[in-house]
Amino acid sequence: MARILIIDDDPAMVQVISDICQERGHQTIAYSSGIKALEGLATHAPQLVITDVRMDKIGGLDVLRECKEVIPSTPVIMITAYKQLEVGIEAMKMGAYDYITKPFKVDELQLSIQRALDHQHDRREIRNLRQIVKEKYRFENIIGTSARMQEIYNLIAKVADTDSTILIQGESGTGKELVARALHFNSTRQHQPFVAINCSALPENLLESELFGHKKGAFTGAVQDKIGLFEEAEMGTIFLDEVNSMAVSLQTKLLRVLQERQIRRVGDTKSVAINVRVLAATNESLNDKIKTGNFREDLYYRLAVIPIEMPALRERLDDIPLLVQHFLSKNAAQTGTEPKKIDPKALEVLQHYRWPGNVRELENAVERACALCDDGIIRVQDLPPQVVRQAAAGPVVETTGSLPVGQSLDEYIREQERRYIEETIKFNGASREKAAKMLGISMATLYRKLEVKRAAETRV
C-alpha cells in the first residue's frame with residue numbers, strides 16, 4: 001500500500017482518481033488546490049504524486065517543480081487534456097515520471113501508478129544496495145590496528161579520491177582486492193562500474209580480447225563485435241589483479257593505454273577514448289621481474305604512481321585476535337547463529353603459526369573451527385592440524401650459522417624429532433595420548449620413538 005497525493009481543481013476528477021487508487025489498497029490524500037497541496041507536501045511525504053496540468057493560480061508544472069525540490073525521489077504523474085500534449089512532453093523533460101491524457105481508461109491509470117511505484121521501489125533498493133556496498137568496503141573494514149596497517153589506512157584515505165594509478169603489492173591472501181574496492185567505493189567514481197580481472201586466469205590472446213574487446217572476424221570464433229573490460233569500466237575503475245603474470249607483448253599495449261588513455265579493439269583500426277581509473281596488484285616482486293626482463297620497467301613506473309605494500313600476516317601477528325573476532329562475527333551472520341567463542345589457548349596457537357596463506361588462510365581456519373567445535377567454543381583440537389603442529393614446535397627462527405655441523409644426518413633428524421615430541425607432550429599438559437593425536441601418529445609409534453630416545457641416552 002502506498003501513500004498517493006492527488007491534486008486537481010475538479011472535485012469529480014479527484015474522486016475518480018481516489019477511487020481508482022483505493023481499489024488497489026492505496027491511501028490517498030486529495031487536494032483541489034495546488035497551493036494547499038504544496039503547503040503539506042513535506043508533511044505528507046507521499047510515495048507518488050498525481051496532478052492535473054491546468055489548474056488555477058498554481059498549475060501542474062509548478063507542482064512538479066516544487067516536488068523536485070522538496071521530495072526529489074518521489075515520482076510524479078501528470079494528467080493533461082489531449083490538446084495540451086506539448087505541455088505533457090515538457091513535463092517529462094522536467095522530470096515527470098509519466099503523463100496521461102484525458103479522457104483516460106482506468107486500466108491505463110492503474111498501470112501507470114503501478115509502474116511508478118515499482119520504479120520508486122527499485123530506486124530505493126539501488127540506494128540501499130549502494131549504501132550496503134559502501135559500508136562493506138569502508139576503510140574500517142580492512143581489519144588491523146598494527147602500525148603497518150595504520151600507515152596503509154592513512155595512505156588509502158589520502159589517495160582514494162584521486163585518479164592516480166595505484167599498484168598494490170603483497171603476497172596472496174593479504175587483502176589486495178579488498179583495498180582496491182575500498183579505493184573505488186570511497187572515491188567520486190563509487191557509483192560507476194568496478195571491473196576486476198585476474199590477469200593470470202587467461203592466455204595472452206584471450207586476455208587481450210577481454211581487456212580491449214574485438215571486432216567481428218578479428219580471429220577464429222569472433223562472430224560478433226565485443227567491447228572489452230576497459231570500455232565496460234568507463235567512468236569507473238578497472239582492477240588488474242596479478243598484473244605480474246601479463247605477457248611482455250601485452251604489457252606494451254597496456255602501457256600505451258595508460259599513456260594515451262585510448263584503447264583499440266583487436267582487429268580494429270580506430271582508437272576509442274576512455275575515462276577509467278586503473279588499479280593493479282602483484283603477488284611477486286616486479287623489480288625482480290624487471291631484472292630478468294619479464295616486466296617492462298616503464299610500465300612499472302606507470303602503474304606504481306602510488307605503491308601500496310600489504311604486509312604478510314606473519315608481520316602483524318598482533319592483529320590476529322581482532323581478525324579472529326571479525327571472522328567469528330561474519331560466520332555467525334552467514335549461518336544465523338550466535339557468534340562462537342575461542343579458547344585463549346586456541347588463540348595463542350593461531351598467533352604462533354606463520355600463515356603462508358595470510359588472512360585468507362586464517363579466515364578458512366576460523367570457518368573450519370566454527371564447523372567442528374562443540375558447545376560454541378573453539379578449542380585447540382578444532383584448529384587445522386598443520387597450525388597446531390607448527391605451534392607445538394615453537395616459533396620458527398630463521399637464522400644462519402647456528403646449525404650443529406658435525407653430526408651425522410640421522411643423528412640430527414633424531415634430535416629434532418625428539419625435541420618436537422617433547423614440546424608437543426608439554427603443550428598437551430604431559431598427556432601422551434593427546435600428543436600422539438596432535439602428531440598424527442599412534443600411541444605405539446610415540447612410545448617406540450620415546451624408547452629410542454631413552455636407549456640413546458643410556459648409551460651416552
Side-chain angles (χ1 to χ4, degrees), residues 137 139 141-156 159 165-184 196-202 238-247 251 278-292 294-297 299-301 303-324 326-327 330 349-368 383-391 393 395-400:
Y137 294 112
F139 301 140
N141 290 339
I142 305 172
I143 307 298
T145 57
S146 61
R148 289 287 303 276
M149 293 307 294
Q150 291 302 317
E151 290 174 9
I152 290 172
Y153 298 149
N154 293 334
L155 181 57
I156 292 174
V159 304
T165 305
I166 295 176
L167 179 65
I168 308 166
Q169 304 171 91
E171 297 177 8
S172 294
T174 51
K176 298 186 292 297
E177 184 166 348
L178 188 62
V179 169
R181 290 183 182 274
L183 287 165
H184 171 76
I197 182 171
N198 189 315
C199 298
S200 68
L202 294 171
I238 189 168
F239 175 52
L240 306 175
D241 197 8
E242 295 193 34
V243 71
N244 49 287
S245 66
M246 188 177 286
Q251 292 175 28
V278 178
L279 305 177
T282 173
N283 57 12
E284 58 182 331
S285 170
L286 291 186
N287 285 321
D288 291 343
K289 291 183 74 71
I290 290 170
K291 291 174 183 176
T292 59
N294 292 316
F295 202 87
R296 292 184 61 113
E297 187 173 14
L299 176 59
Y300 170 77
Y301 289 117
L303 291 173
V305 175
I306 300 174
I308 296 178
E309 186 75 38
M310 295 298 294
L313 184 54
R314 62 182 172 274
E315 297 171 5
R316 56 184 187 106
L317 294 174
D318 290 345
D319 285 335
I320 285 181
L322 197 61
L323 285 163
V324 168
H326 171 73
F327 294 140
K330 182 178 176 180
V349 168
L350 294 177
Q351 289 182 284
H352 281 83
Y353 184 60
R354 290 184 59 77
W355 301 107
N358 294 293
V359 179
R360 187 182 297 128
E361 185 183 4
L362 175 62
E363 182 175 9
N364 291 342
V366 172
E367 183 179 344
R368 175 190 190 275
L383 302 177
Q386 74 276 12
V387 175
V388 178
R389 283 197 296 269
Q390 190 176 100
V396 177
V397 181
E398 296 179 357
T399 59
T400 57

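Of all non-hydrogen atoms in Leu350 and Trp355, the two that sit nearest each other are O-NE1, 2.8 Å. A pairwise comparison of heavy atoms in Arg360 and Ser172 identifies NH1-C, 4.1 Å as the closest pair. Contact record, Gln251 with Met246: NE2-O, 2.8 Å, taken as the closest heavy-atom pair.
Atom CD of Glu367 has 12 or fewer heavy atoms from other residues, nucleotides or ligands within 6.0 Å.
Atom-to-atom distance recorded for Leu155:CG and Ile308:CD1 is 4.5 Å, nearest 0.5 angstrom. Atom CG of Asn283 is separated from atom CD1 of Ile168 by 12.5 Å, given to the nearest 0.5 angstrom. Rounded to the nearest 0.5 Å, atoms OG (Ser200) and CD (Glu242) are 3.5 Å apart. Rounding to the nearest 0.5 angstrom, the gap separating the CG atom in Asp319 from the OG1 atom in Thr145 is 4.5 Å. For the atom pair CG of Leu383 and CZ of Arg389, the computed distance is 12.5 Å after rounding to the nearest 0.5 Å.
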Going through the checks in order, is the side-chain hydrogen bond (donor to acceptor under 3.5 Å, both in side chains) test met by Thr292 and Asn294?
-> CA-CA 6 Å; Thr292 59; Asn294 292 316; 3.0 Å; yes

Can you list the steps and then say if Arg314 with Glu171 is a side chain to side chain contact (heavy atoms under 4.5 Å, CB included)?
-> CA-CA 11 Å; Arg314 62 182 172 274; Glu171 297 177 8; 2.5 Å; yes

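Contact check for Leu167 versus Tyr300: side-chain heavy atoms found under the 4.5 Å cut-off. Counting heavy atoms from C-beta on, the side chains of Val359 and Arg316 come closer than 4.5 Å. By the 4.5 Å heavy-atom criterion applied to side chains, Pro384 and Asn364 are not counted as neighbours. A heavy-atom distance below 4.5 Å is not found between the side chains of Tyr353 and Val349.
In this structure, Lys176 contributes its side chain and Gly170 its backbone to a donor-acceptor pair below 3.5 Å. Side-chain atoms of Gln169 never come within 3.5 Å of backbone atoms of Ser285 as a donor-acceptor pair (strictly under, hydrogens ignored). Side chain of Asn358 to backbone of Ala312: no donor-acceptor contact under 3.5 angstrom is found. The main-chain N or O of Ile320 is never found under 3.5 Å from a side-chain atom of Gln351 such that the two would form a donor-acceptor pair.
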